[in-house]
Participant: 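Below are the structure tokens for one structure; questions will follow.
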Amino acid sequence: MTSNPVPVLTLDGPSGAGKGTVGTRCADRLGWHYLDSGAIYRAVAWRALSDGIAPDDDEGLRRLCRTLHFQSVAKPGDVVDIYVNNRNVTSEVRGEEVAVHTSRIATRPVVRESLLKLQRHSRELPGLVADGRDMGTVVFTDATTKVFITASADVRAQRRYKQLKDKGLDGNLRALLEAIKERDARDSGRAVSPLKPAGDATVLDTSDMSIDEVVSAVLDLVNQHLHPIRPDRNK
Ligand code: DC
């Protein structure tokens, strides 16, 4: 059991599994803070790209992480704005170029190590929903509830395709599927903090579930862990 009084719900899983939407809705319902750790990695990658720091320049990356001022601001409608050194970079960090660079930067131990403190700092009362790849396995190993959210690569590509279409943008389903598979392989195959469920995580395959069903399943788990039913000693 955790000795830290601040409860944490960790949501880990591959990209496109719906963690962001589920995470912001759960945080909203619980009244807890929300940590989008992927956005921090994206912010580092975006700055590395704009400052011309190569993914294998460990000293440059260490310096960049040390001076990174990251802020995320939740807005109505599951939207989170990202600020890096007080500049709103939300649309920049969500782009495909940054996504590809992020999965490279995220393999660097110096980056993962440098970002640990920043992520753990978000653990504040009344609680934290932490979304990422290694929240339950590395960053918050003593979390109250750990959920690994996944869905088949096909379903995730289709969801991404629909998101793009809804925004009036073009997408190629086959290219999206290839990109998802490539990123999965890089995230799961890296030596440091690979994407995998924590031993004590509940794995939820959401391929055939609606967002509402996932949110309610996750909140049920949190409630069970926060208020465990104790055997009645008088019986
Ligand atoms: O969740 P996302 O798609 O915004 O993540 C972007 C990239 O960052 C993805 O390639 C995985 C990586 N990432 C990571 O390595 N560890 C985390 N805790 C969060 C994201």
Side-chain angles (χ1 to χ4, degrees), residues 4-12 15 19-21 23-28 30-143 183 186-187 190 192-193 195:
N4 190 313
V6 182
V8 179
L9 159 65
T10 60
L11 298 177
D12 289 308
S15 47
K19 293 179 309 253
T21 312
T24 46
R25 290 198 194 174
C26 286
D28 196 43
L30 291 161
W32 289 5
H33 303 281
Y34 171 66
L35 169 69
D36 176 358
S37 62
I40 301 182
Y41 282 92
R42 284 170 184 265
V44 171
W46 172 76
R47 262 203 63 190
L49 275 174
S50 45
D51 292 2
I53 297 169
D56 60 353
D57 176 1
D58 281 351
E59 215 20 70
L61 289 171
R62 193 195 309 277
R63 215 175 317 115
L64 190 163
C65 291
R66 219 185 291 133
T67 56
L68 184 87
H69 182 260
F70 173 89
Q71 229 189 332
S72 68
V73 178
K75 295 205 310 196
D78 306 331
V79 181
V80 179
D81 271 353
I82 307 301
Y83 289 81
V84 173
N85 298 3
N86 296 322
R87 175 174 161 191
N88 188 336
V89 293
T90 314
S91 53
E92 285 95 328
V93 300
R94 299 275 170 232
E96 270 309 299
E97 190 196 3
V98 170
V100 171
H101 205 61
T102 309
S103 76
R104 296 212 177 95
I105 294 263
T107 63
R108 308 300 294 178
V110 65
V111 173
R112 307 206 71 88
E113 184 62 34
S114 307
L115 296 180
L116 270 179
K117 226 185 180 169
L118 179 66
Q119 295 173 85
R120 289 184 176 144
H121 238 85
S122 336
R123 186 172 190 168
E124 284 186 274
L125 284 169
L128 177 71
V129 178
D131 159 344
R133 304 293 188 288
D134 60 344
M135 298 295 100
T137 50
V138 177
V139 184
F140 302 107
T141 49
D142 62 344
R183 210 175 309 160
R186 209 164 17 226
D187 291 345
R190 68 179 174 227
V192 198
S193 308
L195 171 66

Participant: Looking only at heavy atoms, what is the nearest atom pair of Leu116 and Val139, with distance?
Facilitator: CD2-CG2, 3.9 Å

Participant: What are the two closest non-hydrogen atoms of Arg120 and Val138, and how far apart are they?
Facilitator: NH2-O, 3.1 Å

Participant: Let me confirm one number: the CG-OG1 distance from Leu11 to Thr21, rounded to the nearest 0.5 Å.
Facilitator: 11.0 Å

Participant: Under the criterion side chain to side chain contact (heavy atoms under 4.5 Å, CB included), I'd like the reasoning laid out for Arg62 against Glu113: C-alpha separation, chi angles, the key distance, then a yes or no.
Facilitator: CA-CA 9 Å; Arg62 193 195 309 277; Glu113 184 62 34; over 6 Å; no

Participant: Side chains of Ser114 and Arg66: closer than 4.5 Å at any heavy-atom pair?
Facilitator: no

Participant: If you measure from CZ on Arg186 to CG on Leu195, what distance do you get to the nearest 0.5 Å?
Facilitator: 13.5 Å

Participant: At their closest point, which heavy atom of Gly127 faces which heavy atom of Val6, and how far apart are they?
Facilitator: CA-CG1, 3.9 Å

Participant: Evaluate side chain to side chain contact (heavy atoms under 4.5 Å, CB included) for Leu35 paired with Phe140, printing each intermediate quantity in order.
Facilitator: CA-CA 12 Å; Leu35 169 69; Phe140 302 107; 4.0 Å; yes

Participant: Please answer whether the main-chain N or O of Ile82 pairs with a side-chain N or O of Thr90 as donor and acceptor at a distance below 3.5 Å.
Facilitator: yes

Participant: To the nearest 0.5 Å, tell me how far Ile53 CD1 sits from Leu64 CG.
Facilitator: 4.5 Å

Participant: Mind checking the OG-CG spacing from Ser103 to Asp187? Nearest 0.5 Å is all I need.
Facilitator: 6.0 Å

Participant: Are any of the side-chain nitrogens in Asp51 or Arg63 under 4.0 Å away from the carboxylate oxygens of its partner?
Facilitator: no

Participant: Give me the atom names and distance for the closest heavy-atom approach of Ala48 to Ile105.
Facilitator: CB-CD1, 4.0 Å

Participant: Do Glu59 and Val110 come close enough that some side-chain heavy atom pair is under 4.5 Å?
Facilitator: no

Participant: Looking only at atom types and distance, does a side-chain atom of Arg42 sit under 3.5 Å from a main-chain N or O of Val93, one as donor and one as acceptor?
Facilitator: yes

Participant: For Asp142 and Arg123, run salt bridge (charged side-chain N to carboxylate O under 4.0 Å, His left out): C-alpha distance rounded to whole Å, both residues' side-chain angles, the deciding distance at 0.1 Å, then the answer.
Facilitator: CA-CA 12 Å; Asp142 62 344; Arg123 186 172 190 168; 3.0 Å; yes

Participant: Any side-chain to backbone donor/acceptor pair from Arg183 onto Val100? Under 3.5 Å, distance only.
Facilitator: no

Participant: So how far is it from Thr24 OG1 to Lys19 NZ, rounded to the nearest 0.5 Å?
Facilitator: 12.0 Å

Participant: What is the minimum heavy-atom distance between Thr141 and Thr137, and which atoms define it?
Facilitator: CG2-O, 3.3 Å

Participant: Quick check: closest heavy atoms across Asp12 and Met135, and the distance to 0.1 Å?
Facilitator: OD1-N, 2.9 Å

Participant: Step by step, would you call Arg108 with Asp56 a side chain to side chain contact (heavy atoms under 4.5 Å, CB included)?
Facilitator: CA-CA 8 Å; Arg108 308 300 294 178; Asp56 60 353; 4.1 Å; yes

Participant: Are Tyr34 and Ser72 close enough that some pair of their side-chain heavy atoms sits under 4.5 Å apart?
Facilitator: no

Participant: Run the side chain to side chain contact (heavy atoms under 4.5 Å, CB included) test on Ser37 and Arg133 for me, step by step, so that the C-alpha distance in whole Å, both residues' side-chain angles and the decisive distance to 0.1 Å come before the verdict.
Facilitator: CA-CA 8 Å; Ser37 62; Arg133 304 293 188 288; over 6 Å; no

Participant: Output the distance between atom CD (Glu97) and atom CG (Leu49), rounded to the nearest 0.5 Å.
Facilitator: 5.0 Å

Participant: Would you say the side chain of Arg112 lies within less than 4.5 Å of the side chain of Tyr41, judging by non-hydrogen atoms?
Facilitator: yes

